Protein chains: 2
Amino acid sequence: MKVTINDVAKLAGVSMKTVSRVINKEPSVRKKTFDVVMEAVNELNYQPNLAARNLAGTSSFTIGLVYDNPNAYYVIDMQNGVLSRCKDEGYELVIHPCSYSEANMEHDFKTMIKRSRLAGLVLTPPLSEQSSITNLLDELNIHYVRVLSGRPSEEEQDTCIYVNDFKAAYEITMHLLNHGHKNIGFICGDKEHKSTSERLEGYKAAMADHDTETNDAFIYDGKYSFESGVEGAQALLADDNKLAITAILGGNDEMAAGALFASRLMGIQIPEQLSITGFENSPFSRQTWPKLTTAHQENDVISQHAARLLFTKTRGARNQDKDIITSFTPSIVVRDSSGPKL
Amino acid sequence: MKVTINDVAKLAGVSMKTVSRVINKEPSVRKKTFDVVMEAVNELNYQPNLAARNLAGTSSFTIGLVYDNPNAYYVIDMQNGVLSRCKDEGYELVIHPCSYSEANMEHDFKTMIKRSRLAGLVLTPPLSEQSSITNLLDELNIHYVRVLSGRPSEEEQDTCIYVNDFKAAYEITMHLLNHGHKNIGFICGDKEHKSTSERLEGYKAAMADHDTETNDAFIYDGKYSFESGVEGAQALLADDNKLAITAILGGNDEMAAGALFASRLMGIQIPEQLSITGFENSPFSRQTWPKLTTAHQENDVISQHAARLLFTKTRGARNQDKDIITSFTPSIVVRDSSGPKL
DNA sequence: CAGAATATTGACAGCGCTGTCATTTTAACT
DNA sequence: AGTTAAAATGACAGCGCTGTCAATATTCTG
């Protein structure tokens, strides 16, 4: 029933330790020995026991995914991406939702780390932006990889995966500008999130490059929620601006969906009278009518690479993974919620 | 840095084994000894190492959550509920998304189970309805608890958590009937899902009890997706029925949101001309305008109880948890998408 | 209060693996 | 071929805990 390393060793006619070397892809195993062992592994359908590996070894085969993000779609994508790599590499994943506000977050963290010694953590935004967290982890000597909004910086390159929100926002703004829009509103997400400022800066940069003036009244401070999108559109399209604004960039799809709702409520035709764009290409963007033009963020791919980066950090020099992408730029997906200014 | 059971034992002046007894809440530990040990545990902030426990013990401190559900909100809720119990009880959670269609699902399953010996699994719908899965688990001698749509049956009571979709659908239908609606459409979810038939039966039962005739043309076979909701509404409100149907029950919120969209597209006023209701009280139901009347399903609570039930099954007779609820009935939340027939 | 029954504790092996270090085999030289 | 260096393999301890069973402390008998 239960197959152990000893069973494999016996079948292959080698020592336990040699089997261990093979499954850990250690060097200095003769090719022939390797093959013999692998054959035995396959024949017995051997799966190394994670608990034993974690207990015996200096490195652990468990990583954690930490998130504090209300967006279920985002979280699931991140989970699935990390998970798929974990499966491939024989790692186990411990998920750790938490909220930054919790006073006992640090305690929770430490508990998790003590219970299962972790090889490392993947931190997702907005938590990944908190220096209090990274300081804590540095102190505890825990490896981590952060997924961040922003442009890559030299020194953090090997511990971060960047999502170039700036560039994507730039491009989506340019898309609208090229369609003749000049008075373009922007509904910001939570101020505390780095993605918010990155996207806003991208928007501003595009406006500047297009010699189009930005108007502070066209920028709405919101939260990354549907309701906030509704409110944002209502504010931006209030009587004073109603005729002026011909396009609105939503900070994310959820907000854009809210803005779209609010606009329709006001009897505004989309995209004829108003173009609306989202950000992220989450299911939200496909569940509106018309479907949202947005920036496609490959969260599952992003998180896969985050996991890969973490693995190379924990595995030391050998077994390095060379094809890790550390910088992603969401690509514009043009759908039906945006069009030329009429 | 790292606190082991030996450190606690030394500090408390007892043997390692006694500490083990205390943390496992075994009987036959003198109250005084218990207190002394607990004090040491707290002073050192000791957390038992999961890998060691899993390796040494006959029972494991890891459970799995298996799902095959495209609804991110649902999955996150289930995860969080199970996770919160795991934290309390010192268990670890391994999440296992999978798709039933995958040929290698059985293999994946076995691999997961071999890698980390599991105390048991929580199965969520629609996977929990597949007898091929439960047969496989029975064969492998794995404990499991299933979350199911349907009315509790005597024999399965102690391995299932039931969600009484029938009753909830009955009530939501009654709500509409009491508002004077007679021609009520129903948009079904995936036929393969038990929840679909349960909800449909509830609808039919209410209609019957209210002496209202059901019309097969008012029932649309769909899928649990937004798009399907759109199509369902379009079909139900096609020319022949357009004037006849005054209310539509969506199989879930996502479909109801789709139906609402489609209706607005056709220029139908909600709820004046048409009442629409959802099911589940997911964020979808709050991100439509008007907000959806729906049936609130406490997924996080449901999954907490599923975890508790699983724990009692694995822990043998002692440490039984007596307050487990095994049957839930979603409660109707009346919002703005439904109203009296005018 | 002796002696038996019972409750409470401890000693120790071992779960399945990896790290260390010793041993054997192979390759690389005179 | 004979030596030496290097590569490949194995023996064995031990990771931190739990299960078993033996040892001790406590309580209950008459």
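All of these numbers come straight from a predicted model, not from anything done at the bench. By convention in this document, chain letters (A, B, ...) are assigned in the order of the sequence lines, proteins followed by strands, and residues within each chain are numbered from 1.
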Does the [X] side chain pair with the main chain of [Y], one donor and one acceptor, at a distance under 3.5 Å?
X	Y	result
Asp7(A)	Thr4(A)	yes
Ser327(B)	Ile161(B)	no
Ser128(A)	Leu148(A)	no

Report the distance from atom [atom1] of [X] to atom [atom2] of [N], rounded to the nearest whole Å.
X	N	atom1	atom2	value
Ile5(B)	dG14(C)	CD1	P	19 Å
Asn24(B)	dG19(D)	CG	C1'	11 Å
Arg115(A)	dC15(D)	CZ	P	23 Å
Lys32(B)	dT8(C)	NZ	C1'	13 Å
Asp35(B)	dT8(C)	CG	P	14 Å
Ile23(B)	dC17(D)	CD1	P	7 Å
Lys114(A)	dG16(D)	NZ	C1'	15 Å
Lys31(B)	dA25(D)	NZ	C1'	19 Å

Counting heavy atoms from C-beta on, name the nucleotide in [options] closest to the side chain of [X].
X	options	answer
Pro48(B)	dC17(D), dT9(D), dC15(C)	dC17(D)
Asn49(A)	dC17(C), dG10(D), dT18(D)	dC17(C)
Arg30(A)	dA8(D), dT8(C), dG10(C)	dA8(D)
Val14(A)	dT18(D), dC17(D), dG10(D)	dG10(D)
Arg21(B)	dG19(D), dC21(D), dC17(C)	dC21(D)

[N] OP1/OP2 closer than 4.0 Å to side-chain N/O of [X]:
X	N	value
Ser15(B)	dG10(C)	yes
Thr18(B)	dG10(C)	yes
Arg53(B)	dT18(D)	yes
Asn54(A)	dC15(D)	no
Ser20(B)	dC17(D)	no
Thr33(A)	dA8(D)	no

Do the non-hydrogen side-chain atoms of Tyr46(B) and Ile23(B) ever get within less than 4.5 Å of each other? yes
On DNA chain C, more 5' by nearest nucleotide between Ala51(A) and Ser28(B) is Ser28(B)
Of Gly57(B) and Lys17(B), the one whose nearest nucleotide on DNA chain C sits closer to the 5' end is Lys17(B)
Margin query: Under 4.0 Å, heavy atoms only, any strand: does Tyr46(A) hit a base, just the sugar-phosphate, or nothing?
Written below: sugar-phosphate
Which is true for Lys2(B) with a 4.0 Å heavy-atom rule: it touches a base, it touches only sugar-phosphate, or it touches nothing? sugar-phosphate
Practice item. Start with the C-alpha distance between Leu123(B) and Val147(B), add both sets of side-chain angles, then the distance that settles side chain to side chain contact (heavy atoms under 4.5 Å, CB included), and finish with yes or no. Key: CA-CA 6 Å; Leu123(B) 305 179; Val147(B) 176; over 6 Å; no
Distance col, row Phe61(A):CZ vs Glu89(A):CD, nearest 0.5 angstrom, shows 10.0 Å
Closest to the 5' end of DNA chain D, once Phe34(A) and Met16(A) are matched to their nearest nucleotides, is Phe34(A)
